[in-house]
Q: 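Submitted below is the structure of interest, expressed as structure tokens.
Along the sequence shown, the residues carry numbers beginning at 1.
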Amino acid sequence: MSGTILDVPGIRVGHQSLGSSGVTAIVSDAPGGMVGAVDVRGGGPGTRETDLLAPHNTVERVHAVILSGGSAFGLAAADGAMRELESRGRGFAVFGEGNPGPRVPIVPAAVIFDLILGDPIRPSADDGARAVAAAFDAPDSSSGSIGAGCGATAGVLRGGFGQASSLVDEYVVAAAVVANPMGNVIDEATGEFFAAGDHGVVDKQAFRALERPMPKLNTTIGVIATNAPVPVAQLQRLAMTGHDGLARAVRPAHSPLDGDTLFAVSTAEETQVQDSMLLGRLCEAAAQCVEEAIVDAVKSAQVGYNVKTWQEIAQ
């Protein structure tokens with residue numbers, strides 16, 4: 001399994017990197033937006049506009065999802081994302097499509113705690129606007145120390161922004177994850193990733209000697225995307241099972257000090273209830289993509305800020 005979230009038709013990705021923090025925007029290429037859902041599992045989430053994504057609520061489509069560093073301060077990036085989307089004619093048409101009047105972009109967001117790495121940078125509304133503009137003007141397929149992953153740590157190692165994609169029948173399922181867990185991603189007994197598969201091994205002695213940056217506040221956040229035409233309730237199942245991949249890749253996962261949050265979006269123009277067998281395969285792909293995206297984030301992280309990277313201790 002490899003690839004990026006850009007493999008999903010209708011998705012754009014833009015980053016604003018600020019040294020030890022940043023913003024990542026997952027943006028709909030369609031003016032009407034994407035069907036959206038969310039599942040929050042961590043004990044310390046930092047989120048915005050998640051309640052409106054519940055299947056029983058009215059709003060079903062989002063125009064972008066913002067992932068940001070800066071802890072709760074970083075939620076301000078969504079304000080700028082809304083402003084930039086509005087300037088490009090994107091958003092919910094208050095008086096209906098084709099009629100003049102205001103548009104309200106729907107932009108859910110989640111943040112990670114990264115204030116202990118480098119300078120305590122707080123991404124701003126302007127940074128959110130720049131990330132959205134980058135998604136439209138120069139979509140980026142990079143992984144590693146970029147955007148919201150700039151200041152991420154994964155246990156005792158440096159984390160980052162990672163991606164993976166998979167095919168399920170004629171549909172694409174992909175995940176983009178900011179891997180910033182309190183727990184470790186490497187098994188100190190074997191030197192291998194907890195995630196399934198042969199991803200390489202680290203020097204076990206060097207790994208055991210590493211100390212975790214303090215304080216112990218983190219959070220892994222991300223977006224699962226697909227072009228499968230699933231409605232909100234079934235899309236939420238993809239977000240839920242995506243957390244299975246997080247739990248397979250991180251030990252421990254969903255701690256009281258993590259705010260683990262996964263959004264799920266579908267770029268399909270029309271949706272309909274899918275049969276349980278297809279939904280099950282989409283859900284398993286979502287979990288696998290999240291698992292692989294976390295590995296990709298850690299393996300792609302760049303050296304810096306006195307936190308060891310996987311590359312530095314890999315054998």
Q: State whether the side chain of Asp127 and the backbone N or O of Ser124 hold a donor-acceptor pair below 3.5 Å, judged by distance alone.
A: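 Such a contact is found between Asp127 side chain and Ser124 backbone.
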Q: Can you list everything that forms a ring-ring contact (aromatic ring centres under 6.0 Å, His included) with His15? Sequence neighbours excluded, please.
A: Phe161
Q: Can you list the residues that meet the side-chain contact (heavy atoms from CB on, under 4.5 Å) rule with Ala135, with sequence neighbours excluded?
A: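 If we apply the side-chain contact (heavy atoms from CB on, under 4.5 Å) test to Ala135, skipping adjacent residues, the hits are Arg12, Val27.
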Q: Run through the side-chain heavy atoms of Ile, Leu, Val, Met, Phe, Trp and Tyr, join any pair under 4.5 Å, and report what else lands in Tyr305's cluster.
A: Leu117, Val307
Q: Is there a donor-acceptor contact under 3.5 Å from the side chain of Thr24 to the main chain of Leu67?
A: no
Q: Rounded to the nearest 0.5 Å, what separation is found between the CG atom of Leu157 and the OG1 atom of Thr309?
A: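 Atom-to-atom, Leu157:CG and Thr309:OG1 are 7.5 Å apart.
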Q: Determine the minimum heavy-atom distance between Ala297 and Gly162, stating which atoms define it.
A: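 Nearest heavy atoms, Ala297 then Gly162: CB-N, 3.4 Å.
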Q: Taking the side chain as every heavy atom from C-beta outward, state whether Glu292 and Val177 have any pair of such atoms under 4.5 Å apart.
A: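 No, side chains not in contact.
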Q: Are the side chain of Glu192 and the backbone of Gly200 linked by a donor-acceptor contact shorter than 3.5 Å?
A: no
Q: Show me the side-chain donor-acceptor pairs of residues 165-174 shorter than 3.5 Å, one per line, residues at least two apart or across chains.
A:
residue : atom : partner : partner atom : Å
Ser165  : OG   : Ser2    : O            : 2.9
Ser165  : OG   : Asp7    : OD2          : 2.6
Asp169  : OD2  : Arg281  : NH2          : 2.7

Q: Table please: side-chain donor-acceptor pairs of residues 45-56 below 3.5 Å, with sequence neighbours left out.
A:
residue : atom : partner : partner atom : Å
Arg48   : NH1  : Asp79   : OD1          : 2.7
Arg48   : NH2  : Asp79   : OD1          : 3.2

Q: Hey, is the main chain of Val59 close enough, under 3.5 Å, to the side chain of Asn57 for a donor-acceptor pair?
A: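 It does not hold such a pair.
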Q: Please tell me whether Val202 and Val156 are part of a single hydrophobic cluster in this structure, the criterion being side-chain heavy atoms less than 4.5 Å apart.
A: yes
Q: For residues Ile146 and Val298: do they belong to one hydrophobic cluster (side chain heavy atoms under 4.5 Å, members Ile, Leu, Val, Met, Phe, Trp, Tyr)?
A: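 No; tracing contacts between hydrophobic side chains, which count when under 4.5 Å, never links both residues.
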Q: Do the side chain of Asp187 and the main chain of Phe193 share a donor and acceptor less than 3.5 angstrom apart?
A: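 No: the side chain of Asp187 does not pair with the backbone of Phe193.
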Q: Please find the pair of heavy atoms, one from Ala293 and one from Ala175, that lie closest to each other, and give the distance.
A: CB-O, 4.0 Å
Q: Which heavy atom of Asp140 sits nearest to which heavy atom of Ser142, and what is that distance?
A: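 Of all heavy-atom pairs spanning Asp140 and Ser142, the closest is OD1-OG, 2.6 Å.
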Q: Using the rule that two of Ile, Leu, Val, Met, Phe, Trp, Tyr join whenever any of their side-chain heavy atoms come within less than 4.5 Å, decide whether Val65 and Val230 are in one cluster.
A: no
Q: For residues 258-268, which side-chain donor-acceptor pairs fall under 3.5 Å, sequence neighbours excluded?
A:
residue : atom : partner : partner atom : Å
Asp258  : OD1  : Met182  : N            : 3.1
Asp258  : OD1  : Thr219  : N            : 3.1
Asp258  : OD2  : Ser255  : OG           : 2.7
Asp260  : OD1  : Thr220  : N            : 2.9
Asp260  : OD2  : His254  : N            : 3.0
Thr261  : OG1  : Gly259  : O            : 2.8
Ser266  : OG   : Ala228  : O            : 2.7
Ser266  : OG   : Ala268  : N            : 3.3
Thr267  : OG1  : Pro9    : O            : 2.8

Q: Whether the side chain of Gln311 engages the backbone of Ala301 through a donor-acceptor N/O pair (distance < 3.5 Å, no angle test) should be reported.
A: yes
Q: Can you tell me how far OG of Ser28 sits from CE of Met34, rounded to the nearest 0.5 angstrom?
A: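 With rounding to 0.5 Å, CE (Met34) is 5.0 Å from OG (Ser28).
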Q: To the nearest 0.5 Å, what is the distance between CH2 on Trp310 and NZ on Lys299?
A: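 Going from CH2 on Trp310 over to NZ on Lys299, the span is 4.0 Å.
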Q: Do Val185 and Val295 have side chains that approach each other closer than 4.5 Å (heavy atoms only, starting at C-beta)?
A: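 No, every pair of side-chain atoms sits at 4.5 Å or beyond.
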Q: Using every non-hydrogen atom in the two residues, find where Ile294 and Ala249 come nearest and quote the distance to one decimal.
A: CD1-CB, 3.9 Å
Q: May I have the list of side-chain donor-acceptor pairs in residues 103-116 shorter than 3.5 Å, sequence neighbours left out?
A:
residue : atom : partner : partner atom : Å
Arg103  : NH1  : Gly91   : O            : 2.9
Arg103  : NH1  : Glu97   : OE2          : 3.4
Arg103  : NH2  : Glu97   : OE1          : 2.8
Asp114  : OD1  : Gly70   : N            : 2.7
Asp114  : OD2  : Ser21   : OG           : 2.8

Q: Which other residues end up in the same hydrophobic cluster as Ile121, if Ile, Leu, Val, Met, Phe, Trp and Tyr are linked when side-chain heavy atoms come under 4.5 Å apart?
A: Leu18
Q: Name all residues meeting the salt bridge (Lys or Arg N to Asp or Glu O under 4.0 Å) criterion together with Arg90; count only those two or more places apart in sequence or in a different chain, and write none if there are none.
A: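 Listed in chain order: nothing, the list is empty.
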Q: Side chains of residues 232-242: which donor-acceptor pairs under 3.5 Å do they make with residues two or more places apart or in other chains?
A:
residue : atom : partner : partner atom : Å
Gln234  : OE1  : Gln274  : N            : 2.9
Gln234  : NE2  : Gln274  : O            : 2.9
Gln236  : NE2  : Val38   : O            : 3.4
Thr241  : OG1  : Arg237  : O            : 3.0
Thr241  : OG1  : Leu238  : O            : 3.3
Thr241  : OG1  : Cys283  : O            : 3.3

Q: Is it true that a side-chain atom of His63 and a backbone atom of Leu85 form a donor plus acceptor pair closer than 3.5 Å?
A: no
Q: Residues in salt bridge (Lys or Arg N to Asp or Glu O under 4.0 Å) with Arg88, at least two apart?
A: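 Here the qualifying residues are Glu84, Asp137.
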Q: Measuring from Ser17:OG to Arg130:CZ, what's the distance to the nearest 0.5 Å?
A: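 One finds 12.5 Å between OG of Ser17 and CZ of Arg130.
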Q: Heavy atoms only: give me the nearest Gly149-Val178 pair and the separation to one decimal.
A: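 Looking at all heavy atoms of both residues, the shortest contact is CA-CG1, 4.0 Å.
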Q: What is the distance from atom CD1 of Ile224 to atom NE2 of His243, rounded to the nearest 0.5 Å?
A: 7.5 Å
Q: Between Val23 and Ser68, what is the shortest heavy-atom contact and its length?
A: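 Answer, listing the atom of Val23 first, then Ser68: CG2-OG, 3.8 Å.
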Q: Which residue pairs pass the salt bridge (Lys or Arg N to Asp or Glu O under 4.0 Å) test with at least one member in residues 239-255, sequence neighbours excluded?
A: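 Non-adjacent pairs meeting salt bridge (Lys or Arg N to Asp or Glu O under 4.0 Å): Arg248-Glu284, Arg248-Glu291.
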Q: How far does CZ of Arg158 sit from NZ of Lys308, to the nearest 0.5 angstrom?
A: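 Nearest 0.5 Å value for the CZ-NZ distance: 13.0 Å.
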Q: Just by distance, do the side chain of Gln163 and the backbone of Ser141 share a donor-acceptor pair under 3.5 Å?
A: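 Yes: the side chain of Gln163 pairs with the backbone of Ser141.
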